[in-house]
Amino acid sequence: MSGKAFVYSVIVSVSASILTYKIIKSLNGAAKDVPRKRENVADLIGNTPMVRIKSLSEATGCEIYAKLELANPGGSAKDRVALSVIRHFEEIGELVPGRGDVLFEGTSGSTGISFAMLCNSLGYTAHICLPDDTSLEKLQLLDSYGAEIEKVKPASIVDPNQYVNAARKGALALRNDKSTQANGVFADQFENDNNWRVHYNTTGPEIWEQMDHNIDYFITGSGTGGTIAGCSKFLKSVSRKVKIFLADPQGSGMFNRVKYGVMYDTVEKEGTRRRHQVDTIIEGVGLNRITHNFLQGEHCVDDAIRVTDEQAVRMARFLSSNDGLFVGSSSSINAVAAVKVAKNAAPGSRIVIIACDSGSRHLSKFWKEALKVDKNLTLEDVLNV
């Protein structure tokens, strides 16, 4: 090849490369959004996507968005809390990698999965106490992560064998065991201050930036209370117009707490409750007690929406059929609440919900019911039950 031909071939090759790069960069801004490399799974937590829910937006005349916390590496918003709690225990010397330390937690599933994932990554063991009717998928995930699983019967928090109390007892027993150097710590997600703070410091600011500093309503449920407390405190600090709505399942007392200041639901009458905690098939949200984390942001919550099991089940089916969003039960509750809020909101209002986790964790329980619903249902079919 002559010198001129060689130079020409190089120019063509470089030009083609530049053109290819420009094409890739132009595709939905993909090139500029390519994530940088990370050191471990803990570094992947946070900065989750925001997506417009087209079907709900077009049907209501409002702009409804979902913050996809299900995109965290452990599959839920609980990854943020788990990492924050672990880092705190490391800072105060309660957790030391490689010493055999065990983190105990009482959870309905998702928080346990987050702790199991992070304990594997950071050098600890996760001991998870949970209700024995937790969905099979969550139990299988915990088992796959190698977590120590302790199943207990669903019970009220006043019962010493309730799953949170069981975790507390386990941590104390290991801490007092003089035959080993290993330490036991109790994560205590319901009362741990790191819970709401991580959402105040990360989730809330992410939502604010992703929505270009323009939000009218923020909607989510309350399990531990950390997400709604942390996000609402932050959003209220930067915007006077944003309204915070609690989405609450049937059987939970949180709706009445927000609406009337009384923690009570009719299903609490003697002999009427299917479960001891909350009379619903929904996992992860809904309580009949007030947590420390919820109290930190309760003054920021403006209103509450009650959602039935049937509405949540139908909404899950609707979102899957119309938007390709395959979400779990708590996400479905938030979506139903968003539509109810939109019906009384000004046209074009911007509404953000939390998409807490994927439907893949709810196949044998919640989605077993959702699959019985006609996939061609309308939004009216979702609400009018």
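In this structure, Trp367 and Phe326 have tilted ring planes: the angle between them lies in the 30° to 60° band.
A distance-only check finds no donor-acceptor pair linking the side chain of Glu369 to the backbone of Lys365 [under 3.5 Å]. A side-chain donor-acceptor contact under 3.5 Å links Lys340 to the backbone of Arg306. No donor-acceptor pair under 3.5 Å is formed between the side chain of Asn256 and the backbone N or O of Gly261. A side-chain donor-acceptor contact under 3.5 Å links Ser57 to the backbone of Ile64. Asp79 contributes a side-chain N or O that, together with a main-chain N or O of Gly74, makes up a donor-acceptor pair within less than 3.5 Å. Distance alone, capped at 3.5 Å, places no donor-acceptor pair between the Ser329 side chain and the Ile282 backbone. For the pair Asp188 (side chain) and Asn192 (backbone), a donor-acceptor distance under 3.5 Å is absent. A donor-acceptor pair under 3.5 Å is formed between the side chain of Ser321 and the backbone N or O of Lys375. Counting only distance, with no hydrogens or angles, the side chain of Asn384 and the backbone of Glu380 share a donor-acceptor pair below 3.5 Å.
Using a 4.0 Å cut-off between charged nitrogen and carboxylate oxygen, Lys243 and Asp303 do not count as a salt-bridge pair. Remark: Glu91 does not engage Arg87 in a salt bridge, criterion side-chain N to carboxylate O under 4.0 Å. Ion pairing between a basic and an acidic side chain is recognised when a charged N comes within 4.0 Å of a carboxylate O; Glu94 and Arg175 show such pairing. Between Asp43 and Lys37 no salt bridge is recorded (no basic side-chain N to carboxylate O distance below 4.0 Å). For Glu69 and Arg80, the salt-bridge test passes: some basic side-chain N is under 4.0 Å from an acidic carboxylate O.
Side-chain contact, Thr378 with Asp381: a donor N or O sits under 3.5 Å from an acceptor N or O. Remark: the Arg361 side chain and the Ser110 side chain contain an N/O donor-acceptor pair separated by less than 3.5 Å. When only modelled atom types and interatomic distance are considered, Glu148 and Thr125 share no side-chain donor-acceptor pair under 3.5 Å. Side-chain atoms of Lys67 and Gln210 include a donor-acceptor pair closer than 3.5 Å.
Rounding to the nearest 0.5 Å places CE of Met50 at 10.0 Å from CD1 of Ile353.
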Could you go through the side-chain hydrogen bond (donor to acceptor under 3.5 Å, both in side chains) check for Thr180 and Asp177 one step at a time?
-> CA-CA 6 Å; Thr180 177; Asp177 187 350; over 6 Å; no
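Leu44 and Asn72 get closest at one heavy-atom pair: O-OD1, 4.5 Å. Taking both residues in full, the closest heavy atoms of Val307 and Ala337 are given as CG2-N, 4.3 Å, listed atom of the first, atom of the second, then distance.
Both the sub-6.0 Å distance and the 45° axial angle are satisfied by Arg289 relative to the ring of Phe190.
For Phe245, the ring pair (Phe, Tyr, Trp, His ring centres under 6.0 Å) partners two or more places apart in sequence, or in a different chain, are Tyr217.
Under the side-chain contact (heavy atoms from CB on, under 4.5 Å) rule, Ile351 has a single partner from Ile215, Asp216, Ile53, Ile219, which is Ile219. Partner of Leu142 under the side-chain contact (heavy atoms from CB on, under 4.5 Å) criterion, chosen from Ile128, Thr107, Thr134: Ile128.
Counting only heavy atoms from C-beta outward, the side chains of Leu174 and Asn183 never approach each other to under 4.5 Å. Side-chain contact between Asp248 and Val285 is absent, with no heavy atoms from C-beta onward closer than 4.5 Å.
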